[in-house]
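Let me begin by presenting the structure, written as structure tokens, before commenting on it.
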Amino acid sequence: MVLVYAESQDGKYKKSALEAVTFAKKTAEVLGSACKAVVVGQAEGTASLGKYGASEIIQLNGLDHFDSQTFAKAISKVAQDEGAKVVIVADSSTGKSLLGRLAVRLDAGSVSAVNQIPTADGSVLKVKKNVFSGKAVAEYSIQSDVKVFSLSGNSLKPEETGADAAIREVSAEANSRVNVIEVNKQQGNVAPLPEAELVVSAGRGMKGPENWGIIEELAKELGATTACSRPVADTGWRPHHEHVGQTGVAIKPNLYIAAGISGAIQHLAGVNSSKCIVVINKDPEAPFFKAADYGICADLFEVVPRITEALKKAKG
Amino acid sequence: MKQLVCISKTPETTAKINFKDGNTAFDESGVQFIMNPYDEWYALVRAIELKESLGGTVTVINVGPASNDVVIRKALAIGADEGIRVDAEPKSALYVAKQIAANAEGFDLVYCGKETIDYNGSEVGAMVAEYLDQPFVSFATKLEVEGNSATVTRDIEGGSEISKIDTPFVLSAAKGMAEQRIPNMRGIMMAKKKPLNVVEPVGFDDKVVVSSFTLPDAKTECKMIDPENMDELVRLLQEEAKVL
Ligand SMILES: Cc1cc2nc3c(=O)[nH]c(=O)nc-3n(C[C@H](O)[C@H](O)[C@H](O)COP(=O)(O)OP(=O)(O)OC[C@H]3O[C@@H](n4cnc5c(N)ncnc54)[C@H](O)[C@@H]3O)c2cc1C
Ligand SMILES: Nc1ncnc2c1ncn2[C@@H]1O[C@H](COP(=O)(O)O)[C@@H](O)[C@H]1O
């Protein structure tokens with residue numbers, strides 16, 4: 001049996017949760033077994049997780065805020081009661097802090113940020129993930145009886161195939177030693193960077209924070225999230241949470257547009273898993289062009305507004 | 001306050017990545033190694049700052065071979081008081097966490113980095129916390145301690161969360177915790193006299209092995225687009241790349 005933890009936030013399932021359920025179902029098919037989902041608390045659309053492949057949903061009640069300790073205890077108990085051989089979480093900040101705990105509790109081999117459906121070799125499962133910040137791919141063999149994985153975001157598309165599933169409610173022990181006193185969410189309705197499908201990013205070529213209007217307009221037209229290079233965040237031109245790269249956020253959107261960013265290896269480390277990269281740079285020798293799908297060698301102050309215009313035109 | 005900082009050694013960020021033994025092992029020849037930036041810049045420096053303001057000690061621990069001693073010495077030069085090296089190959093996250101936990105009793109705070117920049121695991125911290133049966137705060141960007149009560153800010157998707165936790169607990173450090181410190185001459189000299197204890201690993205059956213490495217598919221040539229013709233870009237993004 002494959003058990004997947006479907007994470008909800010503010011009473012809703014995120015895309016990453018639907019990806020995880022789809023991935024769990026496909027993993028169950030490889031093993032020739034069933035897939036069940038475990039969720040925490042009430043959220044909109046719990047039963048419809050069945051459509052993505054869960055044959056039953058176990059809803060844990062009584063855990064009021066996220067604490068990896070109480071969550072891992074409750075989820076691993078479900079895994080044991082159900083005899084799960086594989087447990088899957090999304091590679092979100094929540095999933096990442098659960099993965100290691102689940103591995104210890106279930107005496108399981110673990111691999112984080114897996115990006116392909118596992119293959120089976122007897123009771124051994126093989127999975128792949130990007131390592132060395134995207135410069136290589138490693139295949140892992142997991143020999144333990146129970147295995148736990150986190151699924152890298154945007155690795156597969158959620159697939160609706162089945163029907164709603166039944167929900168079984170189970171109470172869990174709260175007892176958290178972490179006391180959450182404040183949660184701050186960024187404003188606006190664009191996706192946060194780690195989950196964004198479209199990203200518009202800019203670097204030192206922007207000359208100063210006062211020039212970001214053209215980047216924001218392009219992002220708005222696309223419905224994209226904005227990002228920046230490290231020196232831009234370090235000098236306070238842009239907020240820290242926008243910093244992508246080796247020491248910032250690692251992202252893998254469908255589209256990454258980079259304006260005035262040279263493409264240093266530490267920057268690429270965080271963005272080179274993007275499906276499509278567009279680079280705008282006035283220097284034809286900029287290293288970023290080597291990692292790009294589409295390049296525009298010109299002054300960004302002229303090109304960026306033109307892209308916004310072209311998008312408006314295409315929309316009609 | 002007794003603090004423990006877990007430090008790992010990783011290839012320097014610009015290192016060329018090659019493999020050997022039929023693509024089953026990382027080829028270390030010619031590669032320069034550094035202390036993992038998250039461990040050095042954020043976890044270690046914050047631990048030292050807290051020691052400076054609150055007193056106590058900072059111990060660093062590494063699971064690795066004797067060649068890792070340089071990294072431990074660097075941590076001592078930056079300001080840690082003593083080092084522990086568990087003399088073993090760091091085979092998997094679970095193996096490493098088991099070794100760290102075996103040496104982490106009695107500490108008020110255990111720090112890990114957000115992730116190592118080689119295998120990008122982000123796994124060890126939560127595992128250490130589970131072995132120790134302690135709370136864990138991931139991706140901490142701010143840490144204040146008063147008596148035995150800590151206030152920690154951590155990154156969550158699209159925002160941040162602040163919580164209060166009593167020590168002991170484990171955290172993983174992300175950008176924002178502290179600023180990088182460069183060791184000075186005095187620190188480097190003092191580091192030579194600080195204790196570095198080498199301990200034997202505890203037995204553990206590994207469950208995960210890397211069976212092979214591959215390089216990602218080569219990128220297709222970048223298509224250059226006429227800067228005057230952004231309609232063409234939009235068309236390519238829609239019809240060729242299919243991302244819009
Ligand atoms: C250990 C380590 C970790 C690091 N981690 C990160 C990280 O996580 N993320 C990160 O981004 N960096 C990181 N860096 C820094 C990285 O090495 C680069 O210094 C940084 O990415 C450069 O930022 P940039 O491209 O914005 O600036 P620059 O390198 O200064 O590039 C500016 C670019 O803009 C172009 N330009 C200028 N004017 C225009 C114009 N009018 N129109 C079009 N193009 C123009 C220039 O041709 C140039 O290519 C790290 C460095 C180290 C040592
Ligand atoms: N061999 C090691 N020795 C000591 N600490 C380690 C080792 N490997 C990883 N760590 C710690 O665990 C953190 C996360 O590592 P990882 O889970 O491998 O990404 C690192 O930032 C270190 O703090």
Side-chain angles (χ1 to χ4, degrees), chain A residues 68-69 92-93 96-97 99-101 103-105 109-113 126 131-133 135-144 177-186 192 194-195 240 246-248 254-255 265-266 275-276 289 291-298 303 306-307 310-311 313-314, chain B residues 11 13-14 17 19 37 92-94 97 117-127 129-131 135-139 155-166 175-176 207-216 219-220 222-225 227 230-231 233-234 236-238 241 243-244:
Chain A
S68 62
Q69 203 168 16
S92 60
S93 63
K96 276 184 170 133
S97 50
L99 180 75
R101 286 199 182 268
V104 172
R105 294 193 77 89
S110 63
V111 182
S112 66
K126 294 189 168 185
V131 292
F132 298 103
S133 302
K135 284 189 272 183
V137 178
E139 185 187 65
Y140 290 80
S141 295
I142 306 97
Q143 290 123 348
S144 48
R177 284 189 262 167
V178 179
N179 195 354
V180 176
I181 53 177
E182 200 180 314
V183 177
N184 299 302
K185 287 278 166 66
Q186 287 147 34
E195 293 164 12
H240 277 301
Q246 182 136 72
T247 43
N254 291 335
L255 175 62
I265 193 145
Q266 299 90 356
K275 292 213 173 94
C276 175
F289 284 124
D293 297 279
Y294 303 108
I296 302 141
C297 186
V303 168
R306 255 183 234 151
I307 302 177
L311 282 165
K313 211 166 93 192
Chain B
T13 42
T14 57
I17 304 300
F19 303 104
S92 69
L94 212 49
I117 62 169
D118 48 7
Y119 294 97
N120 312 112
S122 211
E123 293 186 75
V124 170
M127 291 171 173
E130 188 60 43
Y131 278 125
F136 173 60
V137 183
S138 64
F139 308 165
D155 278 341
I156 54 173
E157 274 78 14
S160 63
E161 184 184 274
I162 306 175
S163 36
K164 274 197 182 307
I165 312 168
D166 286 344
K175 184 184 170 177
K207 302 167 200 315
V208 178
V209 292
V210 174
S211 37
S212 71
F213 288 103
T214 43
L215 295 174
K219 251 304 196 219
T220 48
C222 174
K223 208 176 249 183
M224 297 307 291
I225 298 165
M230 287 303 104
D231 293 338
L233 174 72
V234 172
L236 288 168
L237 293 178
Q238 285 173 333
V243 289
L244 290 186

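Lettering follows sequence order; numbering is per chain, from 1.
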Inset, instruction - Go through B:Asn120, B:Leu233, B:Val234, B:Thr220 and name the one with the most non-hydrogen pairs under 4.5 angstrom from chain A. - result: B:Asn120

Legend entry - Residue pair B:Met224 / A:Ile296: nearest heavy atoms and the distance that separates them: CE-N, 4.1 Å

Inset, instruction - Can you tell which part of B:Leu244 gets under 4.5 Å to a heavy atom of chain A, answering side chain, backbone, both or neither? - result: side chain

Inset, instruction - Tell me, for B:Ile225 versus chain A, whether the close heavy atoms (under 4.5 Å) come from the side chain, the backbone, both or neither. - result: both

Legend entry - Most chain A-contacting option - heavy-atom pairs closer than 4.5 Å, from B:Asp155, B:Ile165, B:Leu215, B:Val209: B:Val209

Legend entry - chain A contact via B:Ala93 - which portion, at a heavy-atom distance below 4.5 Å: neither

Legend entry - Proximity breakdown for B:Ile117 and chain A, heavy-atom pairs closer than 4.5 Å: both

Inset, instruction - Go through B:Gln238, B:Met127, B:Lys207, B:Lys175 and name the one with the most non-hydrogen pairs under 4.5 angstrom from chain A. - result: B:Lys207

Inset, instruction - Could you look at A:Ala314 and say if it's the side chain, the backbone, both or neither that has a heavy atom under 4.5 Å from chain B? - result: side chain

Legend entry - Distance-only polar pair, side chains of B:Glu157 and A:Ser93, donor-acceptor under 3.5 Å: yes

Legend entry - Greatest number of heavy atom pairs closer than 4.5 Å to chain A - which of B:Gly158, B:Ala241, B:Pro11: B:Gly158

Legend entry - Qualifying residues under ring-ring contact (aromatic ring centres under 6.0 Å, His included), relative to B:Phe213, sequence neighbours excluded: B:Phe19

Inset, instruction - With sequence neighbours left out, write down each residue that passes ring-ring contact (aromatic ring centres under 6.0 Å, His included) with B:Tyr119, or none if nothing qualifies. - result: A:Phe132

Legend entry - Residue B:Lys164 versus chain A: region with a heavy atom under 4.5 Å: both

Inset, instruction - Output the option from B:Gly159, B:Ser211, B:Ser122 having the highest count of non-hydrogen pairs under 4.5 Å with chain A. - result: B:Ser211

Inset, instruction - Answer with side chain, backbone, both or neither: which region of B:Ser138 has an atom nearer than 4.5 Å to a non-hydrogen atom of chain A? - result: side chain

Inset, instruction - Answer yes or no: is there a donor N or O on one side and an acceptor on the other, between the side chain of B:Ser212 and the main chain of A:Glu139, under 3.5 Å? - result: no

